[in-house]
Amino acid sequence: VLPQRIPEHPGRNVEEVLHAAVADLELEDWEREARMDARRRQLEIPLGQGYDQLSSGQKRRVLLLASLLREPDLLLLDEPTNHLDLETIRWMEEVLLNHRGALLFISHDRAFVRRLGQAVIDLDRGKLTRWDCGYDRYVERKQQALEAEEKQQAVFDRKLAQEEAWIRQGIKARRTRNEGRVRRLQKMREEHRQRRGRTGDARMDLTGGGAVSGHKVISAEGIVASHEGRPLFGPFDCEILRGDRVGILGPNGCGKTTLIRTLLGKIPPEAGSVERGTNLQVAYFDQNREQLDPGATVMENAGDGHEFVTVAGQRRHIISHLKDFLFTSEQAKGPIHNLSGGERNRLLLARLFCRPFNLLVMDEPTNDLDLETLELLEEQLTNFNGTLLLVSHDRDFLDNVVTELLVFEGEGRLRSIVGGYADYEAFRERTAAAPAAPAAPAPARTKGRRPPKERKFLNRERRELESLPAEIEALESEQEAIATAMADPATLREDPDAAERGRRRLAEIEAALTERFARWEELESLRDQLEG
């Protein structure tokens, strides 16, 4: 078993943790050493290094190798990709694809589930259902099942309402003949009482509620950072403008958090300079949840002890705000040590979003989040009108949210890529396929404004383009219905004002259609220009 919460091994180094994993197995010394040798080469971490000194991702890698050392028939993984960098996730995928035993895993990393899952076991309202298909097909079939269930419950509710009306109309005169019907009604009441509704989706408002920042948010020139003599990055230039959504990508321990802290002014660069814009209000989501006080209740953590908070400019009771993040009143008043990893992440989101901000910094926000909350967070971040700095190893999340990537490529090199993770992968493939060219001398860096970033067709523009045909079709259907009604003399006789209302509405529809057709043409042209 690889648990979700990383266990501690105080006082042990990496090699001792690996040896402890197979200490109870009846193995010959040569067999134990053969297994250790095979896994050591995959570790890329010094065996003598203290386990406590490792990052969260490095600890998880050690623990996974420790689990694989046992060569289990059944491997159970609970959120295995949490805190892992992308290279390690891809390595894990290859290792698990070659694992000869059975694999049962819990994960909200959609790309990981898509790559490994041959079937999905869905836990919904206490019921387990197995879907013998891949993840994408499961999503389609699950949605169809929920729609069918909703229709079935609507039929049931109508039938129950009819029976309730019947019993109130005087059952005494028909008691003998209708005892069976009464029993059926009682059974229907009990079935309705025991029906479990779907857990609501989290609701969050990412308008920020803060002042509008200046156009230039952060400008860095020639910044450098190192750790114990090892270069982390630099010299590096970047300019982040209001509304940018910048993802930061790199292996564990490469310096992503150091880069964020340097850009925010928490630590000074070893060389170079950082200039921050005006009216900045920063909200910081920290992956280790250090902002949460383990000795306080859920509501005390969310509201800093205040009973009322301001969310998107509106004053709300803290419990009402927490209910938007799926916390019950009892949970809100209770301690946080009983919360799962996903609940702690939702609590941290609730804490952040009741403070004004226009610069949102998120360090691994997707860890432990359920898929519904994850997709809602994606939507909110896409529509957020402030600036976003995001560290994440969730490939789908990066593709759906960011418009630019800063990628750590080792030896202090940072590369800027326009687009998301798929764009970076395409760049790597093009680079690997291109013949090596002689290195050209680097142009001298000139002080001043960088060239404008390459424009990308945004996710919200793509969704808007996809929704326009349905909007146009609905308007045209309404236009046809109004015209048909106005041509009917009976309609005008019954409602003399219908003609005037119809003419006004037709004029509004015509204007709306003109606007939507123009927007459709504009988006189509923009997409063709940017994507070909």
Side-chain angles (χ1 to χ4, degrees), residues 1-5 73-82 96 101-164 183-204 322-332 334 338-347 366-379 394 396:
V1 178
L2 184 64
Q4 179 177 352
R5 293 189 180 180
D73 298 312
L74 173 61
L75 184 58
L76 305 172
L77 306 175
D78 193 354
E79 297 288 0
T81 63
N82 279 0
L96 294 178
L103 176 65
L104 180 63
F105 64 95
I106 298 170
S107 180
H108 297 127
D109 184 329
R110 290 156 292 183
F112 186 81
V113 176
R114 193 177 288 118
R115 181 93 189 275
L116 291 178
Q118 297 174 333
V120 176
I121 297 177
D122 175 66
L123 175 58
D124 185 4
R125 290 163 286 174
K127 183 179 179 182
L128 285 168
T129 306
R130 179 182 172 116
W131 305 78
D132 288 304
C133 58
Y135 172 73
D136 291 326
R137 182 62 181 144
Y138 152 74
V139 171
E140 295 175 8
R141 293 172 61 184
K142 174 71 174 179
Q143 184 59 37
Q144 293 168 358
L146 290 174
E147 291 172 358
E149 178 189 63
E150 191 174 333
K151 293 178 181 176
Q152 184 179 9
Q153 289 183 352
V155 172
F156 178 90
D157 291 345
R158 284 197 299 271
K159 177 66 174 174
L160 177 59
Q162 291 169 359
E163 293 297 297
E164 294 285 5
R183 285 194 296 269
R184 284 196 301 272
L185 174 57
Q186 292 171 340
K187 184 178 179 182
M188 290 177 72
R189 286 173 173 172
E190 180 65 17
E191 184 178 341
H192 187 272
R193 188 183 66 82
Q194 293 186 0
R195 180 195 297 172
R196 292 180 61 181
R198 299 197 69 222
T199 302
D201 295 334
R203 296 185 295 274
M204 59 184 79
L322 284 168
K323 285 181 178 179
D324 285 351
F325 292 82
L326 307 184
F327 290 102
T328 64
S329 300
E330 290 74 20
Q331 282 180 309
N338 292 328
L339 300 182
S340 68
E343 288 170 332
R344 288 170 185 254
N345 264 18
R346 281 194 269 115
L347 173 57
T366 64
N367 287 342
D368 306 315
L369 284 185
D370 60 85
L371 284 174
E372 290 80 5
T373 305
L374 181 58
E375 289 171 355
L376 176 61
L377 180 59
E378 282 181 355
E379 180 182 347
D394 187 317
D396 283 16

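Excluded from the calculations below are hydrogen atoms, water molecules and symmetry mates; all remaining heavy atoms, backbone and side chain alike, are included. From a predicted model like this one, the values you see are computed outputs, not experimental measurements.
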Once you round to the nearest 0.5 Å, how far does [atom1] of [X] lie from [atom2] of [Y]?
{"X": "Thr366", "Y": "Asp394", "atom1": "OG1", "atom2": "CG", "value": "4.5 Å"}
{"X": "Leu347", "Y": "Leu326", "atom1": "CG", "atom2": "CG", "value": "12.5 Å"}
{"X": "Asp78", "Y": "Ile106", "atom1": "CG", "atom2": "CD1", "value": "4.0 Å"}
{"X": "Gln118", "Y": "Leu103", "atom1": "CD", "atom2": "CG", "value": "9.0 Å"}
{"X": "Arg125", "Y": "Glu149", "atom1": "CZ", "atom2": "CD", "value": "4.0 Å"}
{"X": "Arg346", "Y": "Leu377", "atom1": "CZ", "atom2": "CG", "value": "12.5 Å"}

>> Arg184: which residues meet the salt bridge (charged side-chain N to carboxylate O under 4.0 Å, His left out) condition with it, sequence neighbours left out?
In response: none
> Taking only residues two or more places apart in sequence, or in another chain, which ones meet Glu140 in a salt bridge (charged side-chain N to carboxylate O under 4.0 Å, His left out)?
Replying inline: Arg137
> Given Asp396 and Leu374, is the side chain to side chain contact (heavy atoms under 4.5 Å, CB included) satisfied, shown in steps?
Replying inline: CA-CA 11 Å; Asp396 283 16; Leu374 181 58; over 6 Å; no
How would you list, by chain and number, every residue that makes a side-chain hydrogen bond (donor to acceptor under 3.5 Å, both in side chains) with [X], sequence neighbours excluded?
{"X": "Arg158", "answer": "none"}
{"X": "Glu378", "answer": "Arg110, Asn400"}
{"X": "Glu150", "answer": "none"}
{"X": "Gln152", "answer": "none"}

Could you pull out all residues at least two apart from [X] that satisfy side chain to side chain contact (heavy atoms under 4.5 Å, CB included)?
{"X": "Glu379", "result": "Leu376, Asn383"}
{"X": "Ala145", "result": "Trp131"}
{"X": "Leu123", "result": "Leu128"}
{"X": "Leu160", "result": "Phe156, Glu164, Leu185, Met188, Arg189, His192"}

>> Has Arg344 got a side-chain atom pairing as donor or acceptor with Leu339's backbone, closer than 3.5 angstrom?
In response: yes
>> Could you work out, with ring pair (Phe, Tyr, Trp, His ring centres under 6.0 Å) as the rule, every residue matching Tyr135, not counting sequence neighbours?
In response: none
> With sequence neighbours left out, what residues match Phe327 under ring pair (Phe, Tyr, Trp, His ring centres under 6.0 Å)?
Replying inline: none
> Looking only at heavy atoms, what is the nearest atom pair of Ser107 and Glu79, with distance?
Replying inline: CA-OE1, 3.6 Å
> Closest heavy-atom contact between Arg141 and Cys133?
Replying inline: NH1-SG, 3.6 Å
> Going through the checks in order, is the side chain to side chain contact (heavy atoms under 4.5 Å, CB included) test met by Phe105 and Val113?
Replying inline: CA-CA 9 Å; Phe105 64 95; Val113 176; 4.0 Å; yes
> With side chains defined as the heavy atoms from C-beta onward, is the minimum distance between Leu77 and Leu96 less than 4.5 Å?
Replying inline: yes
>> For Asp132, is the CG atom crowded, meaning more than 12 foreign heavy atoms sit under 6.0 Å from it?
In response: yes
